[in-house]
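What follows is one structure encoded as structure tokens, with my remarks underneath.
Excluded from the calculations below are hydrogen atoms, water molecules and symmetry mates; all remaining heavy atoms, backbone and side chain alike, are included. Fair warning: this is a prediction, and the values are worked out from it, not measured in the lab. By convention in this document, chain letters (A, B, ...) are assigned in the order of the sequence lines, proteins followed by strands, and residues within each chain are numbered from 1.
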Amino acid sequence: MTSAERKEAISAFIFLSPFLVWMVFLMGGPILAAFFLSFCKWDILTPIQFVGFDNYKEMFFQDPRFWKSLFNTAYFTFLSVPIGMVLSIAVALLMNQKVKGIGIYRTLFYLPSVVGAGVAVAVLWKWIFNADSGLLNYMISLLTGVPIADCPKWLASEAWSKPALVIMSLWGVGGGMIIYLAGLQGIPFTLYEAAEIDGANRWQQFWTVTLPGLSPVIFFQLIISIVGSFQIFTQVDVMTDGLGGPADSTLVMVLYIYQKAFKYYQMGYASALSWVLFIAILLATWLQFKYSKWVYYEGELRK
Amino acid sequence: MTDPTVPSPAASPTGFWASKRRADKITRAIVTILLVLGSVVMMLPIVWMLSTSFKTRTDVFSIPPVWIPSPLHWENYPMAWNVSGMYSTEDWSFLGIPFHGVTFTTYTLNTLTIAVLSCLGTTLSSSLVAFAFARLRFPGRGPLFILCLATMMVPTQVTMIPTFILFKSIGWYDTFYPLIVPAFLGGGAYNIFLMRQFFMSIPYEMDEAAKIDGCSNFGVYWRILLPLCKPALTTVAVFSFVYNWTDYLNPLIYLDTNSKKTLALGLKNFVSLYGQDYHLLMAASLLVSIPIAVLFLIGQRYFIQGIATTGLK
């Protein structure tokens, strides 16, 4: 290493120092500490007790609420991610057309996703889902003629509470839309011209040009949104007053972790739960990478 | 039906182009109808929220709903703002009287303090770190960057418990520090990634020219690259501000005293205590969301450009 190189490396590490501190004390360290804690019993007040695999044994064999929370989280993810993805791609395709006032439409679609994840929006949707006087059932009965009394009870019903969460999450399609729109605008126009010369109609162009061109963005979004929806918490906590009801039908994993850690002070058990969530996310991500042959990278052409 | 082929409608008026233009007109009409319908669906909840916030306690529940209540009950707004989480629903009589205690003013000031400082920390530190990744050569740069990206996969809940214990043990429980200090330590992988992508799009000749003129690395970062990164900086700043404004889990864990709570927690308190008073809940929720909506409308030109940069990777 020459002295100039050494100098550059030293200044690089000075620039990186905040990140390195974070990486050690707020990321790497805590991940390992949580792993260690997951083999312990600890209520913060009394000394830590090492219990081996007890937490995991209890979780997998004696705790139906754990399975329930895992199921609820998976249910929400597998419904909200694909539907949200199709919708946001469809909206992005619409937004990519040259029609008058496109800027206004884009703003209107994007705005809800910006305000999207907070308590205020959860409060709003709690009111929309109100079975007797809420907007949703009113609209349903207006459009289909079904009396409001026969409409789903949404958050008050074990069967409809999870679909309600999915519907609420779809209000945020604008976030994905913006990213797909950027992806669409990155597809070279010449490819469409070539397809048209070859006689492809618009439908064929969509399948042979648009979708492959968009696939890296779809892949990225798929990973990010699955990671995100595994971590749903705020909306559920606010809408069910921290209970995950009715009858645990909206008890998602993060809510369960929160309950165990900060309501019952079972730090060890909560850490074990958080590690299971971590593994679940890693597994989902790994599977997506493994089956990512459908992703088309333009760079591959040049090899 | 919907693809991005939009040939210029001003093309020559031959038969082919004429039929093409007609097809385009039809497509455009369909697209416009779909967009209008979609926009109505997206805006309906917000209109509903506005409408509810101007009603009386009982009018709220009438079906079919009255979309424009008459008269408009503007007093719901100051009422919602000044109610603290200290009274139960039976105490309605006091509502006309101004209350001096913890109101949304306190929550707003707390949230502003946290959001502004975190926003500053995130923008500064993420751009610093991104500069190193984008512009400086050092051993282990590749693996370290991959490690950085990998942290995006780590759910906050895994680090949450040990981090809580760490902050509690150094006496930061029930203070703003756990909500502000981490922002100064890199600002998160996503922001680092976004800033790095933006730095990479700036020609390296800029740095070299500045270095020949005697600029240090920090000088290149501060005087040359940062001023060119306004769209990316705005994106990071707006996202971080919005994130901290709406963040719920972290304040929930770290803040205990009512007078230290943020808007998100204040609103949650409000819901627990006045769950059936939807006119007040909607008024409060609107007031809490307005700053974000305004910020978004001001910043959108910049940060849509900023997102486009990462989206295209």
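- Annotation: maximal heavy-atom pairing with chain A below 4.5 Å, among B:Ala130, B:Gly188, B:Pro65, occurs at B:Pro65.
- Here the shortest heavy-atom pairing between B:Pro45 and A:Trp125 reads CG-CZ2, 4.1 Å.
- Contacts of B:Leu287 classified as side chain to side chain contact (heavy atoms under 4.5 Å, CB included), with partners at least two apart in sequence or in another chain: B:Tyr77, B:Trp81.
- Of all the listed residues (B:Val41, B:Leu136, B:Leu252), the one sharing the greatest number of non-hydrogen pairs under 4.5 Å with chain A is B:Leu136.
- Residue A:Ile14 does not touch chain B at all, counting heavy-atom pairs closer than 4.5 Å.
- Between chain A and the residues B:Tyr248, B:Phe164, B:Trp48, the largest count of heavy-atom pairs under 4.5 Å involves B:Trp48.
- Residue contact with chain B, scored on non-hydrogen atoms closer than 4.5 Å, involves the backbone and the side chain of A:Phe278 alike.
- Residue A:Ile257 touches chain B through its side chain alone, counting heavy-atom pairs closer than 4.5 Å.
- The contact between A:Met23 and chain B is made entirely by side chain atoms (from C-beta outward), counting heavy-atom distances below 4.5 Å.
- In this structure, the portions of B:Phe61 lying under 4.5 Å from any heavy atom of chain A include both its backbone and its side chain.
- For B:Tyr221, the part sitting under 4.5 Å from any heavy atom of chain A is the side chain, from C-beta outward, and nothing else.
- Contacts of A:Ile102 with chain B are made by side-chain atoms alone, with heavy-atom separations under 4.5 Å and no backbone atom involved.
- Residues B:Met42 and A:Pro112 approach most closely at CE-CG, 3.9 Å, considering heavy atoms.
- With a threshold of 4.5 angstrom between heavy atoms, B:Leu263 does not approach chain A through any atom at all.
- Between B:Tyr190 and A:Ile224 there is no side-chain heavy-atom pair separated by less than 4.5 Å.
- Counting heavy-atom pairs closer than 4.5 Å to chain B, the top-ranked of the candidates A:Ile281, A:Ile223, A:Leu26 is A:Leu26.
- The parts of A:Ser11 that come within reach of chain B are both its backbone and its side chain, each placing non-hydrogen atoms under 4.5 angstrom from that chain.
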- Step by step, work out the side-chain contact (heavy atoms from CB on, under 4.5 Å) result for B:Leu295 and A:Val114. CA-CA 10 Å; B:Leu295 193 67; A:Val114 178; over 6 Å; no
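- Each salt bridge (charged side-chain N to carboxylate O under 4.0 Å, His left out) pair with one or both residues in residues 232-242 of chain A, not counting sequence neighbours, appears once here: A:Asp237-B:Lys268, A:Asp241-B:Lys268.
- Counting heavy-atom pairs closer than 4.5 Å to chain A, the top-ranked of the candidates B:Tyr243, B:Phe184, B:Phe218, B:Trp245 is B:Phe218.
- Separating the CG atom in A:Leu16 from the CZ atom in B:Arg141 is a distance of 10.5 Å, to the nearest 0.5 Å.
- Counting heavy-atom pairs closer than 4.5 Å to chain B, the top-ranked of the candidates A:Val227, A:Asn130, A:Val254 is A:Val254.
- Partner of A:Phe15 under the ring-ring contact (aromatic ring centres under 6.0 Å, His included) criterion, chosen from B:Phe133, B:Trp222, B:Phe138, B:Phe131: B:Phe131.
- The part of A:Trp42 that comes within reach of chain B is its side chain, from C-beta onward, which places non-hydrogen atoms under 4.5 angstrom from that chain.
- Remark: A:Leu142 CG is packed, more than 12 non-hydrogen atoms of other residues, nucleotides or ligands lying under 6.0 Å away.
- Neither the backbone nor the side chain of B:Leu265 comes within less than 4.5 Å of any heavy atom in chain A.
- Residue B:Val242 touches chain A through its side chain alone, counting heavy-atom pairs closer than 4.5 Å.
- Of all heavy-atom pairs between A:Phe19 and B:Cys148, the closest is CZ-CB, 3.5 Å.
- Of the atoms belonging to A:Phe109, heavy atoms from both backbone and side chain fall under 4.5 Å from chain B.
- Heavy-atom neighbours of B:Lys25 NZ from other residues, nucleotides or ligands within 6.0 Å: at or below the threshold of 12.
- For the options B:Val271, B:Ile253, B:Ile46, heavy-atom pairs under 4.5 Å to chain A are most numerous at B:Ile253.
- Proximity of B:Val31 to A:Tyr105: side-chain heavy atoms (C-beta onward) are nowhere separated by under 4.5 Å.
- Atom-to-atom distance recorded for B:Ile30:CD1 and A:Gln97:CD is 10.5 Å, nearest 0.5 angstrom.
- Note on A:Ile10, A:Leu32, A:Ile128: by heavy-atom pairs under 4.5 Å with chain B, the leading option is A:Ile128.
- Here the closest non-hydrogen pair linking A:Gly118 and B:Thr246 is CA-CB, 3.9 Å.
- Using a 4.5 Å cut-off between heavy atoms, B:Arg135 touches chain A through its backbone atoms (N, CA, C, O) alone.
- At a threshold of 4.5 Å between non-hydrogen side-chain atoms, the residues A:Val119 and B:Val288 do not count as touching.
- Between B:Ser285 and A:Leu124 the shortest side-chain heavy-atom distance does not fall below 4.5 Å.
- The two residues B:Ile161 and A:Ala261 make their nearest non-hydrogen contact at CD1-CB, 3.9 Å.
- If you measure heavy-atom distances from A:Phe35 to chain B, you find no contacts under 4.5 Å at all.
- Atom CZ of A:Phe262 has more than 12 heavy atoms from other residues, nucleotides or ligands within 6.0 Å.
- Listed for the A:Glu8 side chain is a donor-acceptor partner under 3.5 Å among the backbone atoms of B:Arg137.
- The parts of B:Val60 that come within reach of chain A are both its backbone and its side chain, each placing non-hydrogen atoms under 4.5 angstrom from that chain.
- Among B:Leu281, B:Thr32, B:Leu249, the residue with the largest count of heavy-atom pairs under 4.5 Å with chain A is B:Leu249.
- Heavy-atom distances place the side chain of A:Leu37, and not its backbone, under 4.5 Å from chain B.
- With a 4.5 Å cut-off on non-hydrogen atoms, B:Thr156 touches chain A through its backbone and its side chain both.
- A:Met139 touches chain B through its side chain: at least one heavy atom from C-beta onward sits under 4.5 Å away, while N, CA, C and O do not.
- Separating the CG atom in A:Leu94 from the CD1 atom in B:Ile33 is a distance of 11.5 Å, to the nearest 0.5 Å.
- Heavy atoms closer than 4.5 Å to chain B are found in the side chain of A:Ile44, but not in its backbone.
- Both the backbone and the side chain of B:Met153 come within less than 4.5 Å of a heavy atom in chain A.
- Contact annotation for A:Ile148: only side-chain heavy atoms (C-beta onward) come within less than 4.5 Å of a heavy atom of chain B.
- You'll find the side chain of B:Leu267 stays beyond 4.5 Å of the side chain of A:Val238, heavy atoms only.
- One distance of note links CD of B:Gln276 with CH2 of A:Trp127; it measures 8.5 Å at 0.5 Å rounding.
- Taking both residues in full, the closest heavy atoms of A:Met95 and B:Leu35 are given as CE-CD2, 3.7 Å, listed atom of the first, atom of the second, then distance.
- Both the backbone and the side chain of B:Val129 come within contact range of chain A, judged by heavy atoms closer than 4.5 Å.
- Contact tally against chain B (heavy-atom pairs below 4.5 Å) for A:Val91, A:Val99, A:Leu135: the top residue is A:Leu135.
- Interface remark: B:Leu286 contributes no atoms to any contact with chain A (heavy atom separation under 4.5 Å).
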